[in-house]
Amino acid sequence: VLEHRPYAEGDVIFRQGDLDFFLYIIISGKVDVFVSDSEAQDVFAFTLQQGEVFGEIGLLTGEARGATVKAASALDCYVLGRREMTETLMKRTEIVEEVSQIVVSRQSALAKARASIVSPGEKPTAHHTVHELAVKVRQFLGLGGS
């Protein structure tokens, strides 16, 4: 159910604000994650490496991408789509809570990066609690429960 996707160093995998319903699993290489400031300039947030995932929030909730992700080196990924993820979560619903914890942690890291570029008077973006996110994931994917 996984699709292989290679990228060259410098390739943009997706941009902040894009709609993209895939989870990316890094097999080799690394990506840099950026958030945009008020002038739409990319500001480095963090790096992800082999064995880590990205793109989980769009896949699980349908929300627009919260950051821009670029290949920081030659990159090999496997990609998991919404249908395949839904089938997996229907078989193992306990994964929703586990993935929600990862997402909340990732949102916290992005919030810290955004806080460093927020203009005076601008309100920082709020992020979900694990429970709120788990409920939203179940609703978006049609898994039921709360």
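Both backbone and side-chain heavy atoms feed into the values below; hydrogens, waters and symmetry mates do not.
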Heavy atoms, side chains only, cut-off 4.5 Å: are [X] and [Y] in contact?
X: Ile26; Y: Phe54; value: yes
X: Val79; Y: Leu2; value: no
X: Thr47; Y: Val31; value: no

List in chain and number order the residues that pass side chain to side chain contact (heavy atoms under 4.5 Å, CB included) with [X], two or more places apart in sequence or in another chain; answer none if no residue qualifies.
X: Glu52; result: Leu48, Gln49
X: Asp18; result: Phe14, Arg15, Arg65
X: Leu59; result: Leu23, Arg82, Met85
X: Glu87; result: Arg83

Self-check item: Considering all heavy atoms, the nearest Pro6-Asp76 contact
Solution: CB-OD1, 3.5 Å
Quiz item: Which pair of non-hydrogen atoms, one from Ala45 and one from Leu110, has the smallest distance, and what is that distance?
Solution: CB-CD2, 4.3 Å
Exercise. Please name all residues satisfying side chain to side chain donor-acceptor pair (under 3.5 Å) with Glu3, sequence neighbours left out, ordered by chain then number.
Key: Arg5
Quiz item: For Glu94, which residues count as a side chain to side chain donor-acceptor pair (under 3.5 Å) partner, sequence neighbours excluded?
Solution: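 Glu94 satisfies side chain to side chain donor-acceptor pair (under 3.5 Å) with Arg92 once adjacent residues are dropped.
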Quiz item: Out of curiosity, Asp20 CG to Ile13 CD1, how far, rounded to the nearest 0.5 Å?
Solution: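 Atom-to-atom, Asp20:CG and Ile13:CD1 are 10.5 Å apart.
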Quiz item: What pairs meet the ring pair (Phe, Tyr, Trp, His ring centres under 6.0 Å) rule with one or both residues in residues 61-95, with sequence neighbours excluded?
Solution: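 Counting only pairs at least two positions apart or across chains, the ring pair (Phe, Tyr, Trp, His ring centres under 6.0 Å) contacts touching residues 61-95 are His4-Tyr78.
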Donor-acceptor pairs under 3.5 Å, side chain of residues 66-74 to any protein atom, not counting sequence neighbours: which ones?
unit_1	atom_1	unit_2	atom_2	d
Thr68	OG1	Gln16	N	2.9
Lys70	NZ	Asp42	OD2	3.2
Ser73	OG	Lys30	N	3.1

Self-check item: Same apolar cluster (I L V M F W Y, side chains within < 4.5 Å links), Ile57/Val12
Solution: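 Ile57 and Val12: separate clusters.
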Quiz prompt | Within one Ile-Leu-Val-Met-Phe-Trp-Tyr cluster: Ile27 and Val1, side-chain cutoff 4.5 Å | solution = yes
Quiz item: Excluding sequence neighbours, so at least two apart, what forms ring-ring contact (aromatic ring centres under 6.0 Å, His included) with Phe21?
Solution: none
Exercise. Check which hydrophobic residues are tied to Phe34 through side-chain heavy-atom contacts below 4.5 Å, counting indirect links as well, and list them.
Key: Phe44
